[in-house]
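What follows is a set of notes on a single structure, which appears directly below.
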Amino acid sequence: NGLSAGITYRLQTQPSLAGSANVTNALGSLPTTVTQDPILPSNLQAGFSYEFIPDTVMMAFTYEWTQNSMLADISNVKGFGAFTGLGSDVVNGGVKARDDHEFHIGAEYTFHLAQHRKIRAGAGVCFDTAASRSDFPSAFLSPATFYKGYGLGGQYDTGSNVVGLAVNYGNNSKTSTTVDPTLAGSVFAGKYKLEEWLAVLDYQYRF
């Protein structure tokens with residue numbers, strides 16, 4: 001009574017993506033095409049919630065695992081090399097990511113108003129082991145091995161109309177003074193930092 005639990009699993013998939021554009025420079029307008037076959041890794045989520053006071057006080061916990069070690073980032077870029085002979089048509093960069101473990105903890109409180117109206121307010125925190133490796137496989141990913149995020153949300157429910165707003169913030173950062181010699185020219189000593197802001201406005205109508 002008051003306990004809910006769920007589990008989801010996503011199989012690994014590999015969609016094919018393609019795009020093209022005309023790039024203009026001193027040599028004129030050259031068509032450039034890009035094809036990519038990224039891997040979307042397997043993902044497992046398992047969690048539960050418990051209402052300490054029915055329809056009033058609820059807490060929830062979710063664990064998420066993503067098999068990032070299967071990731072690959074291979075792009076075939078055709079255009080300038082084919083037309084000018086000044087560069088390669090193939091760009092190949094491995095992500096070398098780690099498997100990801102995330103822990104989400106949150107709580108929600110419901111204020112009951114007149115005429116069956118409700119206001120739900122919630123807050124949560126996320127701890128993530130971060131996908132990048134400590135040897136800095138990418139100049140675009142922070143090498144920090146720990147990520148944390150925070151979220152706040154609210155929802156106004158009139159029975160037929162539901163309006164919600166959520167704001168999330170997360171960051172990880174690390175300052176490095178050394179670089180793996182095998183990665184010279186691809187990554188650099190210094191401070192790596194990643195910040196994310198996400199705001200979601202949601203509206204639902206019940207028939």
Side-chain angles (χ1 to χ4, degrees), residues 1-15 38-72 95-134 137 141-174 193-207:
N1 187 25
L3 177 66
S4 299
I7 185 170
T8 66
Y9 181 72
R10 180 188 69 201
L11 295 172
Q12 177 178 309
T13 60
Q14 189 169 11
I39 293 177
L40 298 180
S42 301
N43 175 269
L44 172 69
Q45 296 182 45
F48 68 90
S49 66
Y50 182 75
E51 292 186 332
F52 292 90
I53 301 177
D55 198 26
T56 302
V57 179
M58 183 268 288
M59 294 192 68
F61 172 81
T62 299
Y63 166 75
E64 182 174 354
W65 170 81
T66 306
Q67 195 178 14
N68 289 323
S69 57
M70 298 298 295
L71 284 175
V95 174
K96 301 179 183 177
R98 303 182 304 180
D99 289 347
D100 183 51
H101 302 274
E102 294 185 24
F103 303 89
H104 304 259
I105 303 171
E108 180 184 273
Y109 187 88
T110 301
F111 299 88
H112 295 270
L113 309 177
Q115 298 177 343
H116 304 291
R117 292 177 292 125
K118 303 176 183 178
I119 293 179
R120 295 187 179 92
V125 62
C126 169
F127 302 97
D128 188 345
T129 57
S132 58
R133 292 185 185 277
S134 59
L141 295 176
S142 169
T145 56
F146 187 74
Y147 171 92
K148 55 185 178 297
Y150 308 92
L152 292 173
Q155 186 182 75
Y156 179 62
D157 187 341
T158 67
S160 296
N161 299 278
V162 181
V163 180
L165 175 65
V167 178
N168 297 278
Y169 168 77
N171 74 79
N172 63 1
S173 62
K174 182 176 182 179
K193 186 174 183 179
L194 173 66
E195 285 189 310
E196 295 178 319
W197 284 91
L198 177 65
V200 179
L201 178 64
D202 176 67
Y203 173 75
Q204 303 175 46
Y205 180 80
R206 295 193 182 100
F207 294 94

Pairing residues for Glu108 by the side-chain contact (heavy atoms from CB on, under 4.5 Å) criterion, not counting sequence neighbours: Met58, Thr110, Arg120

Partners meeting side-chain contact (heavy atoms from CB on, under 4.5 Å) with Leu152 (sequence neighbours left out): Ala123

Might you point out which heavy atoms bring [X] and [Y] nearest each other, and give the distance in Å?
X: Pro41; Y: Arg10; value: O-NH2, 2.6 Å
X: Leu11; Y: Ser42; value: C-OG, 4.2 Å
X: Thr66; Y: Glu64; value: OG1-OE2, 4.1 Å

Test item: [X] and [Y] side chains (from C-beta on) under 4.5 Å apart, heavy atoms:
X: Thr56; Y: Tyr109; value: yes
X: Leu44; Y: Ile7; value: yes
X: Tyr150; Y: Val167; value: no

Reference residue Tyr63; test ring-ring contact (aromatic ring centres under 6.0 Å, His included); the match among Phe48, Phe127, Phe103: Phe103

side-chain hydrogen bond (donor to acceptor under 3.5 Å, both in side chains) partners of residues 198-207, not counting sequence neighbours, each pair once: Asp157-Arg206, Asn161-Tyr203, Asp202-Gln204

How long is the gap from [atom1] on [X] to [atom2] on [Y], to the nearest 0.5 Å?
X: Cys126; Y: Ile105; atom1: SG; atom2: CD1; result: 9.5 Å
X: Gln155; Y: Leu165; atom1: CD; atom2: CG; result: 11.0 Å
X: Arg117; Y: Thr158; atom1: CZ; atom2: OG1; result: 8.5 Å
X: Asn68; Y: Ile39; atom1: CG; atom2: CD1; result: 11.0 Å

Residue pair Asn171, Lys148: steps toward the side chain to side chain contact (heavy atoms under 4.5 Å, CB included) verdict: CA-CA 6 Å; Asn171 74 79; Lys148 55 185 178 297; 3.9 Å; yes

Backbone of Asp55 reached by a side-chain donor or acceptor of His112 within 3.5 Å: yes

